[in-house]
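Each chain gets a letter, A, B and so on, in the order the sequences are listed, and its residues count up from 1. These numbers come from the heavy atoms of this one structure, side chains and all, not from hydrogens, waters or symmetry mates.
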Amino acid sequence: MDILTLGEIKNQKLTRASLEVLSEAKRLANGKKVINVLIGNNLKDFSALISSYGASEILLIEDPSLGEFNSQSYSEILVNIIKEKKPALFLLPANIHGKEIAALVSAKLEISLISDCTDLKIKDNLLEYIHPIYSGKVIAAYQSLTSFQAAALRPNIFPLIEENPNNQAQIIHLSFIPQDNLKIKLLEVLKPKEETLEISEARIIVSGGRGLKEAENFKLLEELAEVLGAAVGASRLAVDAGWRDHQYQVGQTGKVVSPDLYIACGISGAIQHLVGMSSSKCIIAINKDPEANIFKVANYGIVGDLFEVVPLLTEEFKKILTN
Amino acid sequence: MKIVVCIKQVPDTEAYIKINSQKTSIEESGIKYIINPYDEFALEEALRIKEKLNNAETAVITLGAPRTQEALRSALALGIEKAVLIPQEDFILDNFSSAFILAKTVERLGYDLILCGKQAIDDDMAQTGGIIASLLNIPFVSLATKIEFIDNSQIKVHREIEGFTEVFKIKLPAVISAQKGLNEPRYASLMGIMQAKKKIISEIKIQDLGINPENLIKTKLTRLEYPSPRSQGKILDGDLKEAAQKLVKFLREEAKII
Ligand SMILES: Cc1cc2nc3c(=O)[nH]c(=O)nc-3n(C[C@H](O)[C@H](O)[C@H](O)COP(=O)(O)OP(=O)(O)OC[C@H]3O[C@@H](n4cnc5c(N)ncnc54)[C@H](O)[C@@H]3O)c2cc1C
Ligand SMILES: Cc1cc2nc3c(=O)[nH]c(=O)nc-3n(C[C@H](O)[C@H](O)[C@H](O)COP(=O)(O)OP(=O)(O)OC[C@H]3O[C@@H](n4cnc5c(N)ncnc54)[C@H](O)[C@@H]3O)c2cc1C
């Protein structure tokens with residue numbers, strides 16, 4: 001079965017989530033074609049990388065008007081491509097833009113869509129889609145009843161395949177006529193006050209809770225994060241106290257993250273926080289209360305005062321990472 | 001300006017979730033149900049728009065079991081003017097079919113702005129709003145943190161994305177999904193609660209919409225299971241410096257992350 005994937009470009013780079021989608025497509029394709037679609041402006045530089053992830057075809061839809069995300073034009077383009085190519089499966093990243101596109105495209109085509117998938121398995125020749133529900137307390141398995149189907153894959157879960165620089169994808173430019181009567185238009189993108197690493201796709205997150213006691217103390221976490229190249233996250237109580245901006249909140253009313261490493265400092269581990277981070281590959285908890293719930297999900301824990309432990313960790317990581 | 005808010009009743013996040021013996025659903029007994037937290041932001045926004053514009057009408061709809069009446073009643077108590085229940089009998093729906101039914105209902109009520117939550121915290125698909133928009137052929141923006149009216153036919157919507165804020169200009173009608181930060185939801189007043197008790201919750205039956213849901217199902221839930229527990233973690237002991245050294249060593253040599 002041919003698989004269609006959507007690549008995504010941010011800051012002039014192909015996102016890791018797009019490469020994860022390509023990798024999963026390649027694993028499932030089993031010899032059939034993986035067709036990657038890229039929509040935007042000035043796209044030629046990305047083909048080599050997409051090709052090295054095993055795509056057989058790369059469809060480029062380029063136009064100055066597509067340089068910025070537009071859910072209406074992007075989804076119209078995809079609907080037309082899917083109608084023409086008739087892939088068995090359409091995969092894309094389950095981030096904000098990806099989930100919007102997934103809903104718009106799948107509904108237009110009236111096909112099955114499983115959003116925020118964390119695993120895909122082949123069972124009795126059918127695809128089984130895994131998606132956590134009830135805040136991760138239950139795992140649900142779904143099957144599609146339509147022959148075309150779509151799934152949005154949660155970032156940072158699906159492993160990357162090895163690059164193959166010898167693979168030569170066929171590059172096809174598709175024509176595009178900009179529409180001047182769009183119902184939605186991106187007017188502007190406002191920059192954050194200060195540039196800090198974003199948490200949703202970070203490989204490592206150092207996160208702080210009410211145990212930090214005041215805004216200034218987040219410096220300690222920032223220092224550790226800098227050594228590790230990590231992003232800094234926060235619990236809701238730290239956000240509600242005004243110590244961190246809401247965009248860094250992890251949990252049910254914040255973001256769901258699944259980094260390789262999540263270091264929770266002074267966070268008790270309430271269910272609403274765990275929802276946001278329990279799919280992290282490795283969790284470290286630093287808490288002075290040995291009974292804290294966070295230790296139940298942690299791979300490693302240190303019981304102690306974070307104001308002592310965090311600087312010690314920063315120092316130890318510095319030793320091995322600067323050598 | 002007709003504003004329709006879609007709300008879903010969901011188990012409280014603290015609820016203990018037990019899978020039934022057939023592994024197809026959960027045991028409902030003992031669960032406390034609440035309005036999906038994100039839908040509260042949608043309700044609040046509808047009320048604020050109504051207070052700002054002098055010609056706005058607000059309605060709330062839900063597709064669900066008879067118990068979801070409580071959620072509608074709470075919305076009426078907040079000040080929403082009209083409530084509609086689409087009873088979901090004992091058949092199962094997926095996200096396409098439920099959004100389809102909601103879209104048909106909204107069409108019947110009339111709409112300029114449809115508000116919903118960014119995602120339901122039980123099934124967590126974050127797709128319903130987008131599917132409704134697609135079926136009605138109108139624009140959709142998810143995760144709104146600010147909605148401003150330009151005039152009666154256009155709005156500006158802000159949403160935060162990876163540290164940035166995207167600002168969209170949208171022609172109405174449209175579907176917008178609400179996120180924390182959009183507003184601070186109010187509490188119902190005693191008077192509101194009293195008045196809501198007397199209001200009528202109307203019902204629209206799925207059959208009356210001319211829909212046979214069975215023909216709309218695209219996705220089948222095949223099985224529910226509990227997640228495999230994370231393996232028991234290690235508490236690192238010794239003095240804190242030793243513990244820190246052990247941890248760094250583990251991360252490098254065992255977990256191979258650093
Ligand atoms: C509908 C709803 C949605 C929610 N959404 C979210 C969400 O998205 N994200 C979220 O995080 N929460 C959310 N919450 C809140 C959640 O229930 C908890 O209240 C919150 O996560 C607790 O934050 P905390 O762990 O920082 O604080 P606390 O629970 O107060 O824990 C602080 C921890 O720090 C430890 N500590 C204190 N001092 C030190 C020290 N010097 N050294 C080491 N450890 C120390 C303490 O032992 C304690 O365990 C939500 C709640 C509701 C009802
Ligand atoms: C017993 C059971 C069996 C199920 N079987 C299947 C199955 O076989 N296949 C399958 O795909 N899914 C199944 N589901 C999932 C169910 O159909 C979902 O509720 C549906 O897919 C909607 O998605 P969501 O709840 O994740 O909403 P989201 O898309 O996350 O919701 C976003 C927003 O849409 C609005 N909204 C969502 N639902 C409603 C509603 N009912 N009424 C009004 N507004 C609403 C709310 O504003 C909400 O905040 C099952 C659920 C249960 C409980």
- line: Interface check, chain B: of A/E128, A/K99, A/E188, most non-hydrogen pairs under 4.5 Å belong to A/E188

Carboxylate-amine/guanidinium proximity below 4.0 Å for A/K137 and B/D124: no

message: Is A/T253 close to chain B through its backbone or its side chain, or both, or neither, when contacts mean heavy atoms under 4.5 Å?
response: both

- request: Fit a plane to each ring of A/F69 and B/F168, take the angle between them on a 0 to 90° scale, and name the class: parallel (under 30°), tilted (30 to 60°) or perpendicular (over 60°).
  value: perpendicular

- request: Rounded to the nearest 0.5 Å, what's the gap from CG on B/L251 to CG on A/L261? Could you check?
  value: 5.5 Å

message: For B/E14 and A/Q272, which I'm curious about, is there any donor-acceptor pair between the side chains at under 3.5 Å?
response: yes

- prompt: What part of A/E308 gets closer than 4.5 Å to chain B, counting heavy atoms only: side chain, backbone, both or neither?
  reply: side chain

message: Hydrogens and angles aside, do B/K180 and A/Q249 bring a side-chain donor and acceptor to less than 3.5 Å of each other?
response: yes

Max heavy-atom pair count under 4.5 Å with chain B, selected residue of A/I96, A/D305, A/V189, A/V256: A/I96

field: Toward chain A, the part of B/K156 with a non-hydrogen atom under 4.5 Å
entry: side chain

- request: Measure B/F96 against the heavy atoms of chain A and call it side chain, backbone, both or neither at under 4.5 Å.
  value: side chain

task: Please determine, by modelled atom types, if B/T222 and A/Q143 share a side-chain donor-acceptor pair under 3.5 angstrom.
output: no

message: One thing to verify: whether A/E316 and B/K249 come together as a salt bridge, which I'm taking to mean a side-chain N less than 4.0 angstrom from a carboxylate O.
response: no

Candidate pair B/E166 and A/H97, rule side-chain hydrogen bond (donor to acceptor under 3.5 Å, both in side chains), full reasoning: CA-CA 11 Å; B/E166 290 178 334; A/H97 288 164; 2.9 Å; yes

message: Test your reading of the model: is there a side-chain donor-acceptor pair from A/K281 to the backbone of B/A255, 3.5 Å cut-off?
response: no

